[in-house]
Amino acid sequence: MKNNREVIRHCPHFYTIINFEYYGNDVVSEKLIEVYEKYIFACDMNIPENVNKVEKLDTILYKYITDYSFREQVKSDITKVRVKRGENVLDVVVSAIINFFDNYEKYKCRKVQVTRWI
């Protein structure tokens, strides 16, 4: 129980992410939310690196929920992630999500979106 409170304290967007209503055929969003929930509750919150990673994952998945273009980018990139035998699946997927976010933030200013007012 103490770990749950510690996790919630470091994840301000927890309930928003868990309660996100995705489309029924959106398997990627469903799996990412499952990975998020499993990962944050499996981490040892006494290690500062884990705390930083959990906080960053919380921020990234909140951006995933609120930013449509980032969501579509992650959906296209997540299918390319490969896990080798013997590796921890959660760690590999979370590291890939963090890399997607870092790359998106780095290159998003180069991508210009044209909007049309009706």
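Every heavy atom of this structure was used, including side-chain atoms; hydrogens, water molecules and symmetry mates were not. Bear in mind the structure is a predicted one, so any value in this text is a computation, not a measurement.
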Interatomic distance, NE2@H10 vs CD1@I40, rounded to 0.5 Å, equals 11.0 Å
As an exercise, state the distance from CD of E21 to CG of D26, rounded to the nearest 0.5 Å.
12.5 Å
May I ask you to check whether Y23 and S29 show a side-chain donor-acceptor distance below 3.5 Å?
no
Do V83 and V27 land in one hydrophobic cluster if side-chain heavy atoms of ILVMFWY residues count as linked below 4.5 Å?
no
More than 12 foreign heavy atoms under 6.0 Å from CD of E34: is that the case here?
yes
Spell out, as yes or no, whether a donor-acceptor pair under 3.5 Å connects the side chain of T79 to the backbone of S76.
yes
Can you check whether C43's main-chain N or O pairs, donor with acceptor, with N50's side chain at less than 3.5 Å?
no
What's the shortest heavy-atom distance between Y62 and I17, and which atoms?
N-CD1, 3.8 Å
Backbone of V54 reached by a side-chain donor or acceptor of D58 within 3.5 Å:
no
Over all atoms of both residues, closest heavy-atom pair of I65 and R71
O-NH2, 2.6 Å
Got a second to check how far D77's CG is from K80's NZ, nearest 0.5 Å?
5.0 Å
Can you hop from L32 to Y15 via hydrophobic side chains spaced under 4.5 Å?
yes
Scan side-chain atoms only and decide if Y104 and D67 contain a donor-acceptor pair under the 3.5 Å cut-off.
yes
Ion pair present between K84 and E87, side-chain N to carboxylate O less than 4.0 angstrom?
no
Applying side chain to side chain contact (heavy atoms under 4.5 Å, CB included), run through V74 and F101 and close with a yes or a no.
CA-CA 8 Å; V74 169; F101 179 73; over 6 Å; no
Is E72 atom CD crowded by more than 12 heavy atoms from other residues, nucleotides or ligands, each under 6.0 Å away?
yes
Between atom CG of D102 and atom CG of N99, what is the distance when rounded to the nearest 0.5 Å?
6.0 Å
Measure the CD1-CG distance between I18 and L61 for me, rounded to the nearest 0.5 Å.
9.0 Å
Trace of the side chain to side chain contact (heavy atoms under 4.5 Å, CB included) decision for Y64 with I97
CA-CA 10 Å; Y64 176 84; I97 293 169; over 6 Å; no
One pair to check against side chain to side chain contact (heavy atoms under 4.5 Å, CB included): E105 and F100. What are the steps and the verdict?
CA-CA 9 Å; E105 287 294 310; F100 297 155; over 6 Å; no
What residues, two or more places apart in sequence or in another chain, satisfy salt bridge (charged side-chain N to carboxylate O under 4.0 Å, His left out) together with D91?
none
In Å and rounded to the nearest 0.5 Å, what is the CD to CG distance from E30 to N25?
10.5 Å
Centres of the F41 and F14 rings: under 6.0 Å?
yes
May I have the step-by-step check of side chain to side chain contact (heavy atoms under 4.5 Å, CB included) for N52 and E55, ending in yes or no?
CA-CA 5 Å; N52 290 337; E55 289 174 350; 4.1 Å; yes
